[in-house]
Amino acid sequence: MRTTKIILLCLFVFGLLSGIALAENVNVVRKASFDKANQIIIEFIEEIEEAWAKDVNNFYVYQKINPDILIGVSKVELLPDKRTITLVMSEDLNKNEVHIVGMKNIKIGKQTFPKLQVQVKKFYFGYLFSIFIGAMLVNNFVFTKYLGLCVFFGTSRKKSTAVGMGITFTIVMVFSAMMSWFLYQFVLKPFNLSFLQVVVFIGMVSLSVQAVDTILRKVNPVLFKAFGVYLVLVIANCIIIAVPLILADNEYNAVESLMLALGAGLGFLVALFLMSSVRERLELALVPPSFRGLPIAFVTAGLFALAFMGFSGMSLF
Amino acid sequence: MNQILRITTGLIITCFLAGLVMGGVFTITHDAKKKNEHMIFEETMLGLLGYGKSTPPPQDLKFKAIYRYLIEDAKDIERKDLAYMVPVLDDKGEKFKLLILSQEGELKEALDLKLEPEKAFEAKERQEALEAVLGKEKRAIYGDSAIVAVQGDKRVAYLLPGRFPGFKTMIKAMLALEPDFTVKGVEIMEHEEDPGLGGEITQDYFKNQFVGKPFGKLKELKVVKEPLPEEYRKILEGAQIPPQERARQLSQFKDKDIYALTGATISSKAVTEGLKGMASSFAYRFKNLEKIASTQGLRLAF
Amino acid sequence: MAATTKSNSELFLNGILNENPIFRLALSMCPAVGLTTTMTNGLLLGIAVTFVQVFSSCTIALIKDYIHPRIRIPTYTFTIATWVTVIDMVLAAYVPGAYKAMGIFVKLIVAFAIITMRLETFACKNNFVKSFWDGLGMGLGFMFGMMAIGFVRELLGMGTLFGYKVLGFRTLLFFVLPAAGFFCVGLMMAIFNYVEFKLKQKRR
């Protein structure tokens, strides 16, 4: 019950934040987004004048970071609803950059505006989702970055252990990553103390392990009995310290950090689950004596790693 | 109670000692780190110009840097100006001037900066100098930099450090252009591509493919998925052959596209696109800057 | 376990052979898989780990009488983190090129199980000199393991050793690929097991 409440609260905050991010182009333009490789779609709130819309000279497009380099607009198409236009550029756009579309003498409905600028950027949810999937599958910390292997091989013998470890790890991961992110952004960076990264981050990890331990013990003793044993192991897992370091390097914001931490935790869970399923079957298989135990587990992990290479370079949005 | 007191004192003493050790090492290594980073940067630049340990650079070879900033005005958010920090010469010697350009590329203001040329490579010093002239309402955001290598009063090359997205993470590279914007050399400074696949972008047989491409060709350079011809690979890797034969062979491949690395087409494309973007935006901006300098009667230090 | 009765040389060799962190204890596997494409990487990370292990062991051996048992583990972590920060800053300042090649792994030494384990099982019960030899042995054992895997992968994958060309012919790219780290470690462990198995049979 309490968990549901917390999840709902998280979702609410999350929705609020993304809502703020989207509600920027208010007045006349309803929506502006990228389309095909060289196209931008702009939807207005009212019908616009056809002659104005078809004139290429009324539009200019540039990347936000390079305002002096204009991107040539080769054609403007007006859709039959008379509200939506498609700008066709002379070259392909780099969709990772925020683009600005400027318009002159806009004739919309009965009004005329002298000038207007619209920001076009990638769909923010899509970006967040791609961070999440990226951390979980494409750059899975176990199979493509080779981190957290000690705990990975130690706890993947049975499915039940694997799931328990994965869940505990994800919870602690999210806690500690968010705290580390906060401390890094608001304490370490402003005071030029980033050389203390390692000490502070490992401190945050121990702190969140301790906190989860205490809270779980009081709130839900049954759950604590099931998952308490794994809490100690969390601290020996490299991933838990690697994620804050990556966050600090890449200057992610709060929501993006949450997504990466969650993706990393769930990615570890997925890896553990897959591995434990195989290892349960390996128990029954005829393995050469010198390969029994860890060696065969390593070879299996190698096969998984090869399979995960298939994800590499995949981009969703 | 007694226990808590003991634990806390123990912890405080440990923290104090650890802080002392870390702080001490930080002060010792901080300057060395900066110096080393600067040295590596300079070595990369010299390497691209063809100088190294066995061939020391001439005494009169100088590097003059241009820094580009984006100026945001708190009063007018839609307005974005560009600012170039350029070294200019006057009667007293060399000093930095800040040229503020409108979005359309016209000069709005030319301000004097209090910045010593020797300290200009430090971002902090530059930011302080900028804040002093711009005031509180305008904010300067660092864009990129370009370095003009000068020998005597002759330009030798343009060196463009830059970063662009690779297959996995950002790739940091430096591109050297001749005064007529033909590619002089490419150096990959930092990357995290897969070793053996995308990691091969640091190899001579890939990087040197860009060398000698004229600007016109560079602007529309593409990546082809064809095997690299064996004789071309030998030249690219610096095989010992007579200079005439070498020149003849190279001219044969001058207008060819870039041969993709085996198993790493995306990395090859990323590098090609990144370098292309760096070169074309630099050429556009630099020509504009020169035009402004000549109409304003500024004596640029390069 | 009370204070050890082994001599210093025995302690030193123990880390390299009998209790080799990589092949025997199977701890700190992350760098053994991720960072062994070249021998140079193995050597450098080995040096860093040896440094951290020796200094942490010595520190703990010195202050072991003053550590309150309830804050034992946090003190260990804190000590390790301090020395990791030190080696991280030193490497970043004086060997920037190699530091970049090792990437995030230098900072991750802080989470290597082997170091905490040695502090918990050895350094907190033994004196300064013994802890020093044990730490040095463990560190060098780790370096030896890393370099052994690096040797196989670099030789078979690129035909080079420490960056110098050794083999003349085209090599198997597979061994440099990230996933091959798992296979190499698995196969080498199996070989170690096999040799040990045979030796035991002979003794009988």
Side-chain angles (χ1 to χ4, degrees), chain A residues 141-154 194-203 205-207 209-210 232-246 248-249 287-309 312, chain C residues 21 23 25-36 71 73-74 76-89 92 103-117 174 177-198:
Chain A
F141 277 82
V142 177
F143 291 132
T144 63
K145 292 199 170 157
Y146 319 108
L147 297 176
L149 294 183
C150 311
V151 181
F152 175 69
F153 285 113
S194 35
F195 69 95
L196 287 178
Q197 267 178 356
V198 178
V199 181
V200 171
F201 292 167
I202 197 85
V205 175
S206 344
L207 209 67
V209 168
Q210 198 59 51
V232 198
L233 282 175
V234 169
I235 204 162
N237 192 335
C238 318
I239 305 177
I240 205 138
I241 191 89
V243 168
L245 288 172
I246 291 171
D249 263 1
V287 180
S290 45
F291 267 98
R292 262 178 217 150
L294 268 183
I296 192 70
F298 264 92
V299 175
T300 321
L303 290 173
F304 270 121
L306 276 181
F308 268 73
M309 264 179 87
S312 95
Chain C
F23 295 118
L25 304 180
L27 287 170
S28 321
M29 299 311 296
C30 319
V33 174
L35 207 62
T36 46
I71 54 160
I73 298 289
Y76 295 164
T77 319
F78 197 66
T79 316
I80 299 169
T82 308
W83 291 116
V84 169
T85 312
V86 168
I87 189 80
D88 184 65
M89 285 192 286
I104 202 168
F105 275 107
V106 181
K107 288 192 175 112
L108 288 186
I109 296 177
V110 78
F112 283 6
I114 177 71
I115 298 173
T116 326
M117 189 212 125
F174 172 75
L177 287 190
F182 284 114
F183 288 109
C184 276
V185 176
L187 287 176
M188 286 179 85
M189 275 181 160
I191 294 169
F192 265 63
N193 281 351
Y194 183 76
V195 171
E196 193 194 1
F197 189 64
K198 284 280 152 184

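The analysis underlying the following values was restricted to heavy atoms, covering all of them including side chains, and did not include hydrogens, waters or symmetry mates. What you see is a predicted model; the values in this text were computed from it and never measured. The sequence lines fix the lettering, A, B, ..., with proteins before strands; numbering per chain opens at 1.
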**Q** Which atoms of A:Val142 are under 4.5 Å from chain C, going by heavy atoms: the side chain, the backbone, both sets, or neither?
**A**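 For A:Val142, the contact with chain C is made by the backbone alone.
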
**Q** With only heavy atoms counted, which part of A:Ile240 is less than 4.5 Å from chain C, the side chain, the backbone, both or neither?
**A**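 Neither part; nothing is under 4.5 Å.
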
**Q** Contact part of C:Met89 toward chain A, heavy-atom cut-off under 4.5 Å: side chain, backbone, both or neither?
**A**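 The answer is the side chain of C:Met89.
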
**Q** Rounded to the nearest 0.5 Å, what separation is found between the CE atom of C:Met189 and the CZ atom of A:Phe298?
**A**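 Here the interatomic distance stands at 5.0 Å.
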
**Q** To check you understand the geometry: which heavy-atom pair defines the closest contact between C:Ala111 and A:Cys238, and what is its length?
**A**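 Scanning both residues, the minimum pair turns out to be CB-CA, 3.9 Å.
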
**Q** Could you measure the distance from the CG atom of A:Leu149 to the CZ atom of C:Phe182? Nearest 0.5 Å is fine.
**A**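 It comes to 5.0 Å.
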
**Q** Measuring heavy-atom distances to chain C, does A:Leu306 have an atom under 4.5 Å in its side chain, in its backbone, in both, or in neither?
**A**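 The answer is both parts of A:Leu306.
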
**Q** Of all heavy-atom pairs between C:Thr82 and A:Val199, which one has the smallest distance, and what is that distance?
**A**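 Looking at all heavy atoms of both residues, the closest pair is N-CG2, 4.3 Å.
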
**Q** Can you tell me if C:Phe174 has over 12 outside heavy atoms packed within less than 6.0 Å of its CZ?
**A**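 More than 12 within 6.0 Å, yes.
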
**Q** Taking side chain as everything from C-beta outward and backbone as N, CA, C, O, which of these in A:Phe152 sits under 4.5 Å from a heavy atom of chain C? Side chain, backbone, both or neither.
**A**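 For A:Phe152, neither part sits under 4.5 Å from chain C.
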
**Q** For C:Thr85, check side-chain hydrogen bond (donor to acceptor under 3.5 Å, both in side chains) against everything at least two apart and list the hits.
**A**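 Per chain and number, C:Thr85 pairs via side-chain hydrogen bond (donor to acceptor under 3.5 Å, both in side chains) with no residue.
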
**Q** Any idea which of A:Thr300, A:Leu303, A:Val200, A:Val151 has the most non-hydrogen atom pairs under 4.5 angstrom with chain C?
**A**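 Looking at each option in turn, the highest pair count goes to A:Leu303.
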
**Q** Given heavy-atom pairs under 4.5 angstrom as the criterion, report whether the side chain, backbone, both or neither of A:Asp249 touches chain C.
**A**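 Answer is neither: A:Asp249 stays 4.5 Å or more from chain C.
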
**Q** Select one option (side chain, backbone, both, neither) describing which atoms of A:Gln210 are under 4.5 Å from chain C's heavy atoms.
**A**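 For A:Gln210, neither part sits under 4.5 Å from chain C.
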
**Q** Are the side chains of A:Ile202 and C:Phe78 in touch, meaning some heavy atoms are under 4.5 Å apart?
**A**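 No, too far: nothing below the 4.5 Å cut-off.
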
**Q** Which pair of heavy atoms, one from C:Ala179 and one from A:Ala305, lies closest together, and at what distance?
**A**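 That closest heavy-atom pairing would be CB-CB, 3.7 Å.
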
**Q** Rounded to the nearest 0.5 Å, how far apart are CD1 of C:Ile104 and CG of A:Leu245?
**A**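 Atom-to-atom, C:Ile104:CD1 and A:Leu245:CG are 4.5 Å apart.
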
**Q** Please flag which part of C:Tyr194 lies under 4.5 Å from any non-hydrogen atom of chain A: side chain, backbone, both or neither.
**A**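 C:Tyr194 touches chain A through backbone and side-chain heavy atoms alike.
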
**Q** Check side chain to side chain contact (heavy atoms under 4.5 Å, CB included) between A:Val209 and all other residues, then give those that pass, not counting sequence neighbours.
**A**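 Side chain to side chain contact (heavy atoms under 4.5 Å, CB included) check on A:Val209 returns A:Val172, A:Val205, A:Leu231, A:Val234.
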
**Q** State the CG-CZ distance between C:Asn193 and A:Phe291, to the nearest 0.5 angstrom.
**A**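 Result: 9.5 Å between the selected atoms.
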
**Q** May I ask you to test the C:Phe105-A:Leu147 pair for a side-chain heavy-atom distance under 4.5 Å?
**A**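 Counting from C-beta outward, C:Phe105 and A:Leu147 do come under 4.5 Å.
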
**Q** Where does C:Phe192 contact chain A at under 4.5 Å (heavy atoms): side chain, backbone, both or neither?
**A**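 No part of it gets close to chain A.
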
